[in-house]
Asks: 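Got a structure for you, written out below as structure tokens; questions coming shortly.
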Amino acid sequence: MSKPLLRVENLKKYFPVRRSILEALRKEPPRYVKAVDGISFEIGRGEVLALIGESGCGKTTAGRTVLRLIEPTDGRIIFDGTDITELSREEMRPFRRRMQIIFQDPYASLSPRMKIGDAIAHPLLVHGLADKEEAKEMALKMLKRVGLTPEDEFYDRYPHHLSGGQRQRVVIARAMILKPEFVVADEAVSMIDVSMRASILELLESFREEYNLSQLFITHDIAVGKLIADRIAVMYLGKIVEMGPTEEVLKNPVHPYTMAIIQAVPSIVRRKKEKKLKITGEVPNAANPPSGCRFHPRCPLATEECKTKEPELVEVSHNHFVACHHPIH
Ligand SMILES: Nc1ncnc2c1ncn2[C@@H]1O[C@H](COP(=O)(O)OP(=O)(O)OP(=O)(O)O)[C@@H](O)[C@H]1O
Ligand SMILES: [Mg+2]
């Protein structure tokens with residue numbers, strides 16, 4: 001890979017847990033939810049990295065921290081060669097245009113009282129990239145570009161006039177009007193009718209081609225990750241446990257957790273002679289993660305070592321990394 005557009009090093013985000021009165025009286029030390037607990041990855045220009053994992057494993061927190069929508073507890077974020085981790089609000093401004101986010105719920109992320117055309121034009125005005133008339137012109141073009149035609153009719157509609165899929169097109173249009181180089185797409189198709197998902201993914205794909213857009217594509221659904229991503233990173237309780245090229249990870253998963261989430265989706269990949277790995281229980285509380293390998297209480301392969309020693313992320317084959325004491329071969 002040539003110089004990556006984004007490099008994230010040992011990123012952490014801890015949220016303080018509110019103490020009970022009793023804990024406060026006993027002067028117990030503050031506790032933290034270690035939502036993201038030391039993750040590192042790179043994304044190349046035009047590359048899509050899917051961040052996959054169960055609810056609560058820290059995907060959204062990771063995406064928002066990378067964009068500095070929330071402040072990291074530790075670690076570094078390097079965007080196009082600039083360390084943006086500690087830039088001031090003012091210094092961040094030019095980067096804000098270049099890095100965008102698409103949220104899960106297109107209804108919640110649009111103001112109900114703003115015409116959708118104005119919503120798409122708005123970022124141009126905020127960033128001082130166009131006057132009102134130019135912004136309207138550009139928003140009309142963008143409406144057409146995302147398939148909301150006739151565009152002049154759509155311009156004057158309000159979010160509640162639109163279907164979920166159409167609203168997500170508006171949200172994508174609003175992010176893309178700034179011609180970003182990088183976007184965090186957080187469960188961008190999860191709340192959309194299954195019948196519409198493919199066309200929304202295709203729309204994102206078309207912007208990848210047009211802008212050479214890099215994406216951190218967050219999803220709990222590995223089947224969606226398979227459709228769109230060049231590489232997959234699997235998260236478990238704040239850590240990346242496996243990362244590699246999509247094909248490779250799906251065909252040769254090495255971490256028992258990855259294997260289990262792949263096996264939970266029938267027919268995503270067909271392999272011969274594979275052992276079924278059954279995982280029970282739920283993701284433990286991130287405020288009190290298990291010792292050693294955080295996955296050990298649910299892992300069918302766990303041994304004593306897993307209870308005490310935390311596995312490091314190591315390269316098992318070209319560009320394929322895993323953190324596990326008992327990798328599957
Ligand atoms: N602002 C916050 N304050 C305290 N805890 C938080 C905050 N935001 C997230 N958390 C906690 O951090 C952990 C990770 O949450 P996050 O939303 O990042 O997970 P996720 O992988 O995106 O889950 P989902 O698939 O449900 O969207 C959870 O335990 C969550 O309760
Ligand atoms: Mg989330």
Side-chain angles (χ1 to χ4, degrees), residues 8 10-20 23-24 28-41 43 48-75 77 99-109 164 168 171-172 175 183-192 194 197 200-201 204 215-226 228-229 232-243 255 257-258 260-262 264-265 279 281-291 294-295 297-298 323:
V8 170
N10 199 24
L11 192 70
K12 295 183 184 172
K13 179 64 193 182
Y14 295 177
F15 295 109
V17 179
R18 213 198 287 178
R19 286 189 293 182
S20 67
E23 285 168 332
E28 286 184 16
R31 285 181 298 132
Y32 295 91
V33 174
K34 298 180 173 176
V36 174
D37 200 9
I39 62 170
S40 302
F41 60 84
I43 304 183
V48 178
L49 175 69
L51 197 56
I52 288 171
E54 281 167 288
S55 182
C57 72
K59 305 179 297 294
T60 295
T61 306
R64 297 180 66 101
T65 310
V66 164
L67 297 177
R68 286 203 49 214
L69 297 173
I70 45 182
E71 291 303 329
T73 304
D74 198 4
I77 307 150
M99 312 168 86
Q100 293 292 312
I101 186 161
I102 296 166
F103 296 103
Q104 170 169 13
D105 181 351
Y107 203 58
S109 53
Q168 196 59 303
V171 172
I172 292 172
V183 69
V184 172
D186 189 357
E187 303 279 10
V189 296
S190 303
M191 286 179 72
I192 292 173
V194 175
R197 279 187 194 169
I200 298 287
L201 291 174
L204 280 170
Q215 296 176 42
L216 180 64
F217 192 93
I218 293 171
T219 176
H220 64 276
D221 185 347
I222 199 160
V224 170
K226 182 188 178 201
I228 193 156
I232 283 179
V234 178
M235 256 184 111
Y236 188 77
L237 267 185
K239 295 261 185 192
I240 291 178
V241 297
E242 182 158 6
M243 177 161 62
H255 198 287
Y257 179 61
T258 313
I261 54 178
I262 292 172
V265 184
I279 285 181
E282 293 189 356
V283 184
N285 187 343
N288 191 14
S291 60
R294 291 166 189 214
F295 185 56
R298 298 174 74 193

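We count ligands from 1, going down the list as the structure has it; atoms in each ligand are counted the same way.
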Asks: If we ignore hydrogens and angles and just use 3.5 Å, is the side chain of Gln168 paired with the main-chain N or O of Phe103 as donor and acceptor?
Replies: yes
Asks: Listing residue and atom name, which protein N/O/S atoms are closer to the Mg ion (ligand 2) than 2.8 Å?
Replies: Thr60 OG1
Asks: Inspect the surroundings of CD in Glu282 and state if more than 12 heavy atoms from other residues, nucleotides or ligands are less than 6.0 Å away.
Replies: no
Asks: Within a 6.0 Å radius of atom CZ on Arg19, are there more than 12 heavy atoms belonging to other residues, nucleotides or ligands?
Replies: yes
Asks: Would you call Asp37 and Arg294 a salt bridge, using N to O less than 4.0 angstrom?
Replies: yes
Asks: Would you call the rings of Tyr236 and Phe295 parallel, tilted or perpendicular, taking 30° and 60° as the class edges?
Replies: perpendicular
Asks: Just checking, is any N or O donor in the side chain of His220 or Glu187 under 3.5 Å from an acceptor N or O on the other one?
Replies: yes
Asks: Strictly below 4.0 Å, N to O, side chains only: are Glu23 and Arg18 in salt-bridge contact?
Replies: no
Asks: Going by atom types alone, do Glu242 and Thr258 pair a side-chain donor with an acceptor below 3.5 Å?
Replies: yes
Asks: Output yes when a side-chain donor or acceptor of Lys59 lies under 3.5 Å from a complementary backbone atom of Thr219, and no otherwise.
Replies: no
Asks: Check ligand 1 for N or O atoms under 3.5 Å from a protein N or O and list each pair with its distance.
Replies:
from, atom 1, to, atom 2, distance (Å)
ligand 1, 18 (O), Thr61, N, 2.9
ligand 1, 18 (O), Thr61, OG1, 2.5
ligand 1, 19 (O), Gly58, N, 3.3
ligand 1, 21 (O), Cys57, N, 3.3
ligand 1, 21 (O), Gly58, N, 3.1
ligand 1, 21 (O), Lys59, N, 2.9
ligand 1, 21 (O), Lys59, NZ, 2.9
ligand 1, 22 (O), Thr60, N, 2.9
ligand 1, 22 (O), Thr60, OG1, 2.8
ligand 1, 23 (O), Gly56, N, 2.8
ligand 1, 25 (O), Lys59, NZ, 2.8
ligand 1, 26 (O), Ser55, OG, 2.5

